[in-house]
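Quick note: residue numbers are just sequence positions, from 1.
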Amino acid sequence: MQNAYYCWPILARLGVGSVKLVTSEFHLPRSRYLFEATFAALAASEGRPSPLLEGHPAPTPPPAKEDKAINAMTVAERLEQERVFISEKIVPRFLPTHIPGFPVAPLSDVRLQQALAEVESLLSACRAKR
């Protein structure tokens with residue numbers, strides 16, 4: 001959210017009409033949701049249009065022996081965490097408080113369910129590879 005919040009003035013100053021969000025495949029559903037929500041809140045507060053947002057997943061390498069914490073997790077384990085984060089934490093905890101003094105309204109329930117469906121699709125693909 002802070003990345004979206006702090007890049008907004010730069011994008012506005014440059015007149016950028018679309019943004020390509022590149023992140024790990026397991027992060028993309030959540031990241032895209034958070035960018036969309038933050039951009040929508042900023043657009044509403046400033047009376048400007050929100051830039052178009054395209055998501056581009058980058059492959060996540062398997063964990064190395066020396067990796068720790070989240071980096072030691074498989075993509076499937078990371079996706080399980082993403083599912084919990086999206087379903088239980090984004091709307092009630094994260095959006096209203098993550099940027100001090102700038103609460104962000106949730107997107108539609110349909111959009112939230114779409115983000116969850118994207119995670120489920122990735123998770124199914126991971127399980128099918130086993």
Side-chain angles (χ1 to χ4, degrees):
M1 282 181 67
Q2 288 177 337
N3 287 337
Y5 182 79
Y6 289 115
C7 76
W8 176 266
I10 298 166
L11 298 172
R13 186 177 72 244
L14 296 174
V16 173
S18 68
V19 175
K20 291 184 179 185
L21 176 62
V22 179
T23 188
S24 297
E25 63 217 345
F26 68 92
H27 275 304
L28 192 55
R30 173 173 52 102
S31 297
R32 189 170 26 217
Y33 181 93
L34 292 172
F35 263 76
E36 288 173 12
T38 304
F39 280 177
L42 287 161
S45 74
E46 295 183 11
R48 293 185 203 180
S50 182
L52 209 57
L53 185 65
E54 300 174 34
H56 296 274
T60 304
K65 225 190 300 189
E66 65 276 3
D67 285 343
K68 301 206 181 325
I70 192 171
N71 292 331
M73 298 169 78
T74 66
V75 172
E77 290 169 327
R78 291 175 181 199
L79 285 164
E80 290 287 352
Q81 279 193 339
E82 290 292 309
R83 178 173 46 190
V84 170
F85 189 81
I86 291 170
S87 64
E88 297 176 14
K89 296 179 182 175
I90 280 184
V91 172
R93 298 182 196 166
F94 210 68
L95 291 177
T97 63
H98 193 67
I99 300 172
F102 192 78
V104 174
L107 299 173
S108 71
D109 200 43
V110 169
R111 181 62 189 91
L112 185 64
Q113 294 309 313
Q114 180 186 9
L116 282 168
E118 291 169 10
V119 170
E120 290 298 334
S121 176
L122 290 167
L123 200 47
S124 293
C126 279
R127 290 178 180 142
K129 289 180 185 177
R130 289 183 190 171

If two hydrophobic side chains count as joined below 4.5 Å and joins carry through other members, does [X] share a cluster with [Y]?
X	Y	answer
Phe94	Val84	no
Leu123	Phe85	yes
Trp8	Val22	no
Leu53	Ile10	yes

Which residues satisfy the ring pair (Phe, Tyr, Trp, His ring centres under 6.0 Å) test with Tyr33, sequence neighbours excluded?
-> none
Can you check whether [X] reaches [Y] side chain to side chain, under 4.5 Å on heavy atoms?
X	Y	value
Phe39	Cys7	yes
Phe26	Met73	no
Leu28	Glu25	no

Give, for atom [atom1] of [X] and atom [atom2] of [Y], the distance between the pair rounded to the nearest 0.5 Å.
X	Y	atom1	atom2	value
Arg30	Ser24	CZ	OG	10.0 Å
Glu120	Glu82	CD	CD	12.0 Å
Ser50	Phe35	OG	CZ	11.0 Å

Considering all heavy atoms of both residues, which atom of [X] and which atom of [Y] are nearest to each other, and what is their separation?
X	Y	value
Met1	Thr38	CG-OG1, 3.7 Å
Leu79	Cys126	CD1-SG, 3.9 Å
Leu34	Leu95	CD2-CD2, 3.9 Å

Ser121 side-chain N/O to Ala117 backbone N/O, donor-acceptor pair under 3.5 Å | no
Examine distances only and state if a side-chain atom of Ser45 and a backbone atom of Leu42 form a donor-acceptor pair shorter than 3.5 Å.
-> yes
Give the table of side-chain donor-acceptor pairs shorter than 3.5 Å for residues 102-116, with sequence neighbours excluded, one pair per line with atom names and distance.
unit_1, atom_1, unit_2, atom_2, d
Ser108, OG, Arg111, N, 3.1
Arg111, NE, Glu36, OE1, 2.7
Arg111, NH2, Glu36, OE2, 3.4

Which residues satisfy the side-chain contact (heavy atoms from CB on, under 4.5 Å) test with Gln2, sequence neighbours excluded?
-> Tyr6, His98, Ile99
Test Glu118 against Leu122 for side-chain contact (heavy atoms from CB on, under 4.5 Å), laying out the working first.
-> CA-CA 6 Å; Glu118 291 169 10; Leu122 290 167; 5.5 Å; no
